[in-house]
Amino acid sequence: MPKFHDPAPYDIDEHTGFKQIFDGKTFSGWDADPSIWRVEDGMMIGETYEGKPKGNNYIVYRGDKTRDFDLKLQMKIEKGGGGGIQYRSVTGIPWTRPQPKGVPPYDLKFMMTGPQADFWFPVTATSANHTGQWYSENTMQGILAYRGQVTEALPGQPNRLVANIGDKQALGGYVKVNEWNDYEVIARGGVMMHIMNGQLMAVFIDDNKDSVNNQPGLIGFEIESQPSKISVRDIWLRTFDK
């Protein structure tokens with residue numbers, strides 16, 4: 001047995017066992033609407049514009065379906081709006097809420113449904129507080145762990161608060177505005193963790209093995225509202241699926 005020692009320091013660039021799933025030059029392995037998503041200077045960029053309404057839109061990584069994984073990347077949001085990281089998600093499910101007026105029909109090829117690690121531009125205090133939380137995209141479950149919470153859902157029961165990580169607004173101090181942020185998602189069994197810039201933001205524990213949140217699925221990114229610009233780079237994935 002190895003002897004006790006303090007853990008190695010936090011390092012977003014530690015990639016033992018990871019593979020890079022975005023080459024920085026092409027969308028090889030990815031599915032996206034080219035009117036919204038582009039590759040530029042080693043970055044994956046999604047952008048919407050003032051006066052040109054778009055519904056929620058997603059870029060989908062088709063290379064893997066995974067349940068247990070570590071996902072590391074860098075991400076920033078500018079101009080407004082928001083989105084997040086999709087994981088354990090599926091495509092093709094119609095939008096579950098009334099579609100906003102004035103936006104084109106959603107393309108189900110890109111429509112993602114499933115767990116999301118939120119990231120929003122702080123146009124308002126409410127939108128600023130979303131960043132880091134655990135959100136169920138395109139379902140009626142909605143927010144299952146606010147930023148600063150550890151929550152748990154047992155079979156047949158709603159989620160309940162297990163512990164507090166910290167104050168929701170205070171944790172917002174770890175989020176860099178208009179700059180690159182380290183974002184990591186760790187998913188093992190029913191436990192899903194969101195980490196930004198080395199700080200734990202939210203944990204949701206789903207103890208129902210048959211839950212839609214507990215199935216292997218796709219990884220992707222969402223852009224929502226306009227104007228908004230989301231940039232992603234250095235995307236690394238390490239899987240633990242049997």
Side-chain angles (χ1 to χ4, degrees), residues 33 36-37 43-59 71 73-87 89 95-103 106 110-151 159 161 164-185 192-204 220-233:
D33 180 345
I36 296 178
W37 299 91
M43 298 176 291
M44 175 185 296
I45 297 175
E47 190 164 12
T48 58
Y49 302 93
E50 186 72 40
K52 296 182 179 180
K54 293 281 189 179
N56 297 37
N57 194 272
Y58 311 78
I59 182 168
L71 178 68
L73 54 93
Q74 291 191 312
M75 191 175 191
K76 67 177 175 179
I77 292 187
E78 304 165 276
K79 300 184 179 181
I85 304 166
Q86 293 292 140
Y87 59 95
S89 293
W95 192 241
T96 56
R97 294 180 173 90
Q99 184 173 324
K101 294 181 179 180
V103 301
Y106 292 146
F110 310 119
M111 173 62 65
M112 299 193 79
T113 298
Q116 182 186 104
D118 257 330
F119 193 3
W120 280 78
F121 193 83
V123 173
T124 66
T126 298
S127 61
N129 285 338
H130 290 332
T131 297
Q133 71 183 7
W134 200 106
Y135 182 72
S136 181
E137 177 72 1
N138 195 32
T139 77
M140 301 310 292
Q141 295 184 76
I143 301 169
L144 293 180
Y146 286 100
R147 185 170 69 205
Q149 290 185 334
V150 179
T151 61
N159 59 315
L161 182 66
N164 289 301
I165 299 164
D167 178 79
K168 179 192 297 185
Q169 292 185 334
L171 289 172
Y174 288 91
V175 182
K176 301 173 185 177
V177 180
N178 291 321
E179 296 181 30
W180 290 106
N181 290 262
D182 300 342
Y183 214 146
E184 184 168 4
V185 176
M192 292 154 278
M193 308 169 63
H194 299 169
I195 301 165
M196 293 193 73
N197 299 313
Q199 172 61 48
L200 183 64
M201 291 293 193
V203 180
F204 176 53
F221 303 101
E222 181 204 20
I223 186 169
E224 181 177 345
S225 191
Q226 61 277 321
S228 184
K229 182 180 179 182
I230 294 179
S231 304
V232 191
R233 69 183 184 187

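If you read the sequence from its start, that first residue is 1, and numbering goes on from there. Worth saying up front: this structure is predicted, and the values here are computed from it rather than measured.
Closest heavy-atom contact between Ile45 and Ser231: CG1-OG, 3.8 Å. Of all heavy-atom pairs between Met75 and Trp180, the closest is N-CE3, 3.6 Å. The minimum heavy-atom distance linking Glu50 with Pro227 is given by the pair OE1-CD, 2.9 Å. The two residues Pro115 and Trp134 have their closest heavy-atom pair at CB-CZ2, 3.4 Å. Between Asn197 and Val175, the closest heavy-atom pair is ND2-CA, 4.3 Å. When all heavy atoms of Tyr87 and Ala117 are compared, the pair lying nearest together is CE2-N, 4.1 Å.
Ser127 places a side-chain N or O within donor-acceptor distance of the main-chain N or O of Phe121, the cut-off being under 3.5 Å. Although no hydrogens or angles enter the test, the distance criterion places no donor-acceptor pair under 3.5 Å between the side chain of Asp118 and the main chain of Gln116. A donor-acceptor distance shorter than 3.5 angstrom exists from the side chain of Asp167 to the backbone of Gln169, with no hydrogens or angles considered. Formation of a donor-acceptor pair under 3.5 Å by the Gln226 side chain with backbone atoms of Lys54 is found in this model. Looking only at distances, no side-chain donor or acceptor of Thr131 sits under 3.5 Å from a matching main-chain atom of Asn129. Ser228 places a side-chain N or O within 3.5 Å of a backbone atom of Gly80 that can act as its donor or acceptor partner. A donor-acceptor pair is defined here as one N or O able to donate and one able to accept, closer than 3.5 Å; no such pair exists between the side chain of Thr151 and the backbone of Phe204. Side-chain atoms of Arg147 come within 3.5 Å of backbone N or O of Lys168 as a donor-acceptor pair. Under the 3.5 Å distance criterion, the side-chain polar atoms of His194 are matched with a main-chain donor or acceptor of Gly132. Not a single donor-acceptor pair under 3.5 Å links the side chain of Thr113 to the backbone N or O of Thr139.
Put simply, the side chain of Met112 does not reach to within 4.5 Å of the side chain of Asn138, judged on heavy atoms. The shortest distance between side-chain heavy atoms of Met201 and Ile165 does not fall below 4.5 Å. Asn181 places a side-chain heavy atom less than 4.5 Å from the side chain of Phe119. Between Tyr183 and Val232 the shortest side-chain heavy-atom distance does not fall below 4.5 Å. For the pair Trp120/Gln133, no side-chain contact is recorded, criterion being any heavy-atom separation below 4.5 Å from C-beta on. For the pair His130/Tyr135, no side-chain contact is recorded, criterion being any heavy-atom separation below 4.5 Å from C-beta on.
Within the model, atoms CD of Glu184 and CD1 of Ile85 stand 10.0 Å from one another, a figure rounded to the nearest 0.5 Å. Rounding to the nearest 0.5 Å gives a distance of 11.5 Å between CD1 of Ile223 and OH of Tyr58. The distance from atom OG1 of Thr96 to atom CD of Glu137, rounded to the nearest 0.5 Å, is 8.5 Å. Note that the CG atom of Leu161 and the CD atom of Gln149 stand 5.0 Å from one another [nearest 0.5 Å]. From Gln74, atom CD reaches atom CD of Glu179 across 11.5 Å, with rounding to the nearest 0.5 Å. To the nearest 0.5 Å, atoms CD (Gln199) and CG (Leu171) are separated by 5.5 Å.
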For this session: Might you work through the side-chain contact (heavy atoms from CB on, under 4.5 Å) test for Val185 and Met192, ending with a clear yes or no?
Result: CA-CA 7 Å; Val185 176; Met192 292 154 278; 5.7 Å; no
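Side-chain contact annotation: Tyr49 with Glu47, donor-acceptor N/O pair under 3.5 Å present.
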